[in-house]
Protein chains: 4
Amino acid sequence: MCTSITYVTKDHYFGRNFDYEISYNEVVAITPRNYILDFRKIENLNTHYAMIGIAAGIADYPLYYDAMNEKGLCMAGLNFAGYAYYNEYEEGKENVSPFEFIPYILGQCTTVDEAKKLLNTINLVNINFSEKLPLSPLHWLLADKEKSIVIESMEDGLHIYDNPVGVLTNNPSFDYQLFNLNNYRALSSMTPKNNFSNQVDLEVYSRGMGGIGLPGDLSSTSRFVRATFAKLNSVSGHSEDESISQFFHILGSVEQQRGLCDVGDEKYEYTVYSSCCNADKGIYYYRTYENSQITALDMFKEDLNGNQIVKYPLVEKQQINYVN
Amino acid sequence: MCTSITYVTKDHYFGRNFDYEISYNEVVAITPRNYILDFRKIENLNTHYAMIGIAAGIADYPLYYDAMNEKGLCMAGLNFAGYAYYNEYEEGKENVSPFEFIPYILGQCTTVDEAKKLLNTINLVNINFSEKLPLSPLHWLLADKEKSIVIESMEDGLHIYDNPVGVLTNNPSFDYQLFNLNNYRALSSMTPKNNFSNQVDLEVYSRGMGGIGLPGDLSSTSRFVRATFAKLNSVSGHSEDESISQFFHILGSVEQQRGLCDVGDEKYEYTVYSSCCNADKGIYYYRTYENSQITALDMFKEDLNGNQIVKYPLVEKQQINYVN
Amino acid sequence: MCTSITYVTKDHYFGRNFDYEISYNEVVAITPRNYILDFRKIENLNTHYAMIGIAAGIADYPLYYDAMNEKGLCMAGLNFAGYAYYNEYEEGKENVSPFEFIPYILGQCTTVDEAKKLLNTINLVNINFSEKLPLSPLHWLLADKEKSIVIESMEDGLHIYDNPVGVLTNNPSFDYQLFNLNNYRALSSMTPKNNFSNQVDLEVYSRGMGGIGLPGDLSSTSRFVRATFAKLNSVSGHSEDESISQFFHILGSVEQQRGLCDVGDEKYEYTVYSSCCNADKGIYYYRTYENSQITALDMFKEDLNGNQIVKYPLVEKQQINYVN
Amino acid sequence: MCTSITYVTKDHYFGRNFDYEISYNEVVAITPRNYILDFRKIENLNTHYAMIGIAAGIADYPLYYDAMNEKGLCMAGLNFAGYAYYNEYEEGKENVSPFEFIPYILGQCTTVDEAKKLLNTINLVNINFSEKLPLSPLHWLLADKEKSIVIESMEDGLHIYDNPVGVLTNNPSFDYQLFNLNNYRALSSMTPKNNFSNQVDLEVYSRGMGGIGLPGDLSSTSRFVRATFAKLNSVSGHSEDESISQFFHILGSVEQQRGLCDVGDEKYEYTVYSSCCNADKGIYYYRTYENSQITALDMFKEDLNGNQIVKYPLVEKQQINYVN
């Protein structure tokens, strides 16, 4: 369904695969500082940090799937169907609807720690954007350069998990995903010794045998293990080109190829887009399923003191470099 | 180490991941019809089919890693260390050195069946290109639009296998790889029924659970299973853009991320390049590890009646499309 | 470490593998109705249901590992190290120490539902049997003929789980174990169809291929899956002989062979004993690692109105039937 | 289907699980030295080494499933359906039918090396025992105290494999089974180090985690890996009781529980019997699915100079030791 990761070389990178069977005319949306962030149950933010991210292109509101703000705080919402639970309105709490959640946090916070304070009083309230646009069941990865957390609103309350691996996929809840990594402790990027028995010679017939046991399917638990293994064993240079190249390769390890996840009615979940923010520089990079070239937008090239959302449709057509 | 696949939509596509820890200045090389193909032990081919492919850029000779000819016949050599065995010179046979093998076949044959006849008399003879360029231990995938075969020269003789799945990786021999697929017959692109027991409810907590059991590591046997599952369950449109996009996504399922396959001395095997030939149109597409944009060369835009190899260095620098 | 299961044919069966690297002179202990059950913090039970089970043979107290009472209620304690948490004494609660827990429940309850009521007020209090016999970190499987529950006292409180599969092993907590079964829904006792692809013939080269993916190691999560698969797919007759034979075979699927679980210092965890209670008839069957013959004790052949615990040492020497 | 193993402590042990969905009135049969071994195409053996084993109880002929001779040479036939190929009669060869094969070898050889010489001239000829008793497709494990070999008659000829692990199951051919062990080199009886990443703490939540990845199903390839892991990591004392106890526990690791291998028509393959020969002492031990006690027969307690086969029906009724 989706995979989000953080990655730090010289700069901080954050991004995600957005996996789904259809697209909602996604756009890259830059929300400048003076666009009025209208909230349903709490006071509006008339001025706030600017942010850039990918949003559904079906409303005027910045319905971000993932975004970063000008201070380098990053946040992504990922499918959490059957687990996410949004509450009734509660007096005395900050009643924020999930569709307002990313702008609410990124508009006001510069770090995860600042966000944590806001989360103390928050109530994720069950208010749809509109009749035609009901809430998605989500959980969120929130990261700055130093750390990341996972936010899950469930029937038994709001859970805030420190995320030591900087990876999030989907169901079930994050504590399970993290625990499940324990089962893979023997896996290695190196060729393992023969621990099976010293009574029999075993051949190293291939490179890469240290990873045997790594799951290769597209379920959320398998993607969590695979993305974590890829990220934590990743080796790249620190330049911008090397960093973003490696970032997309890590996301590539959990990409969903069209056809492998049949959701019925001849529909297939696939990786609609992959994104990579340079959170230090404010650049949003992305690729789409049909366009493997990286497209980039620099938020600081826009007028961040404006009051209108700036939208760029995704470049979805394959951009081939014909050299002869 | 490497993965090669065939794929047919409206046209026939053929390509491979080239996985290694270093690169040898690879180039795209077009060998026109009148370039003299010089062979060590058999008669030269003074005129032959033109071909295009990626070759080591370290000699004047077309040392192809993979190539297709103007008739749409495609061939790739993949690492087969410890299994490949090249013979002494044998009188009465066509004594072809492995480094000559791709030009030898693609220079003369238009189909797999034609190539099979040549293979009847061939002896893959142990002659190095030069002292500094010894032979690589290889086996080969050879394909036209209808079928593909695997060619393995081993100590017990030359093996020609029909390849019903159109996928090749590395060790061990192809019959093992094909047999090993039997262990994955229960895997599916669809959500499986609960076959475990009708006495307990089991939750479908994620999409993609039908693939649970698919191996996710980089060993040659795991890549064979994964690439085959991806290819055989692949769903794509038939246009050129959709076909090549899907082709690179299939190869992406077995891509080697740098860092995950540690070969010692701080070296890591990674996917140096991925290629995709349109064998019907004579276009060679590729991507490199650092450049995710597709680069393309059309062999028919070159003078195929020439007598000199035309070489294009790989475009390895990331080509980013900055839209603001 | 340990595996406990329930099984119902005509009668109700309950038992466990006790896996450890040493034994504490275990005995089969019958506690008659008038043996005074002495509790540290609550009132003694001067008369109670009689019970039979295996207990540590190192104290006069019935330190049961597992037991059933004369009404057919059965209970087993299994290792839960790192997860079990016993509390301080709490006023207004029934403060029962874990070492008193099995006699406390089996002494007073005839069904799981009755026990659940007692559990409402219980506080598992951190009181060692003696300085030399500290508490073991445990969780418990409690079962009657109709249902079973799991009881886990953790840092965040007492958890009572309905157990739809009637299996318990060890770490982590039961909700994880149950959730983890979801990953095995495709497994089957039957030969699976070829779901991999209709483009390739795959051979059914062996019977039993429907179970491919079942974990075969001795970790607690793998034993949970394997024992559940074995139990839920088990087929046996309903006679006493057939039932107990099948019961021991199910436990055999998760038996620990000596040497496969190395705990250091040349010690190995192995299945010290396996037990099977016929809870309807009051017969306690067991086998030990060194004695594969089933030994049986019938609680109703003892004077259940007595006031002294009756102990039988385990028959641990191999009993071979020499027929010539 | 079946698993056969060798095991050496102070003495040499050899045995097998016989897995099938029905039984053919198996008997323990002692063939004394002067029973005339009648062969179809070669000269009879009027006198020969005595042997003991389990045979089908449906003919006068010693149709052994597995046996040992008085010199300690042991042999078992295991299902090899779809792979075994028996030949036409061939002049100039020792034309032995597979049903004669075990008596033929055990009647004349004292060691594996002696048997290898006989195998040089053998032709396994396609002659049924009778119309009602056609040949089973088999391959064989042959072992003395020092070594073991596997004998497979296939369409491409007779294969004799040295067996470095002393284990045999069923399909496919032995070279595949042995190669497949390479994929499990990282598995260990010890707790593995955290090789996944030094950037995340992973919990050792259970003992036995070194074996994660070991397959737990009943297919022939999984039983081969599991039995080999169990045997090669096995730790036991050297006494007769400890040795045979451990031997049956190793076989227990690949036992087939009834219900887990559904072969249709409400039939289930299960472990009909497990056997363990002490090849040094001439004692044949066995257990059956319904009788977990070990039954023993000592060949040297029979008159080995006789000329009639001595048969003992299997003790199949559960022998319970009631101690009160």
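Here is the naming used below: chain letters follow the sequence lines, and residue numbers restart at 1 for every chain.
Scanning both residues, A:Ser234 and B:Leu260, for their nearest heavy atoms gives N-CD1, 4.4 Å. The nearest pair of heavy atoms linking B:Ile294 to A:Ser292 is CG1-OG, 3.5 Å. Taking both residues in full, the closest heavy atoms of B:Ile212 and A:Ser219 are given as CG1-OG, 4.1 Å, listed atom of the first, atom of the second, then distance. Here the closest heavy-atom approach between residue B:Glu290 and residue A:Asp241 is recorded as OE1-O, 4.1 Å. What you find for B:Gln319 and A:Gln293 is that their closest heavy atoms are O-NE2, 2.9 Å. Smallest separation of non-hydrogen atoms from B:Val323 and A:Tyr312: O-CE2, 4.0 Å.
Looking at A:Gln256, neither its backbone nor its side chain comes within 4.5 Å of chain B, counting heavy atoms on both sides. Interface remark: A:Val28 contributes no atoms to any contact with chain B (heavy atom separation under 4.5 Å). At a 4.5 Å heavy-atom cutoff, the contact between A:Tyr289 and chain B is made by backbone and side-chain atoms alike. Residue contact with chain B, scored on non-hydrogen atoms closer than 4.5 Å, involves the side chain of A:Met1 exclusively.
Using a 3.5 Å distance cut-off with no hydrogens or angles, the side chains of A:Tyr268 and B:Ser189 do not pair a donor with an acceptor.
Considering only heavy-atom pairs separated by less than 4.5 Å from chain A, the leading option among B:Gly213, B:Gly216, B:Ser222 is B:Gly216. Considering only heavy-atom pairs separated by less than 4.5 Å from chain B, the leading option among A:Asp298, A:Thr191, A:Asn170, A:Val225 is A:Asp298. Between chain A and the options B:Leu218, B:Leu297, B:Asp19, heavy-atom pairs under 4.5 Å are most frequent for B:Leu297. Among B:Tyr322, B:Tyr205, B:Tyr83, the residue making the largest number of heavy-atom pairs under 4.5 Å with chain A is B:Tyr205. Of the listed residues (B:Met209, B:Arg226, B:Glu255), the greatest number of heavy-atom pairs within a distance under 4.5 Å of chain A belongs to B:Glu255. Highest contact tally toward chain A, considering only B:Gly210, B:Gly252, B:Ser253, B:Gly82, is held by B:Ser253 [criterion: heavy-atom pairs under 4.5 Å]. The greatest number of non-hydrogen atom pairs below 4.5 Å with chain A, out of B:Leu232, B:Thr221, B:Ile250, is found for B:Thr221.
For A:Lys267, the NZ atom counts as loosely surrounded, since its 6.0 Å shell holds 12 or fewer non-hydrogen atoms of other residues, nucleotides or ligands.
A distance-only check finds a donor-acceptor pair linking the side chain of B:Gln246 to the backbone of A:Arg258 [under 3.5 Å]. Looking only at distances, no side-chain donor or acceptor of B:Asn171 sits under 3.5 Å from a matching main-chain atom of A:Ser206.
Within the model, atoms CD of B:Glu316 and OG of A:Ser245 stand 11.0 Å from one another, a figure rounded to the nearest 0.5 Å. Rounding to the nearest 0.5 Å places OH of A:Tyr286 at 7.5 Å from CG of B:Asn321. In this structure, CG on A:Asn233 lies 9.0 Å from CG on B:Asp262, to the nearest 0.5 angstrom. With rounding to the nearest 0.5 angstrom, the OH atom of B:Tyr270 is 9.5 Å from the NE2 atom of A:His249.
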### Task
Please assess B:Ile244 against A:Ile320 for the test side-chain contact (heavy atoms from CB on, under 4.5 Å), listing each intermediate value before the final yes or no.
CA-CA 11 Å; B:Ile244 62 173; A:Ile320 296 172; 3.5 Å; yes

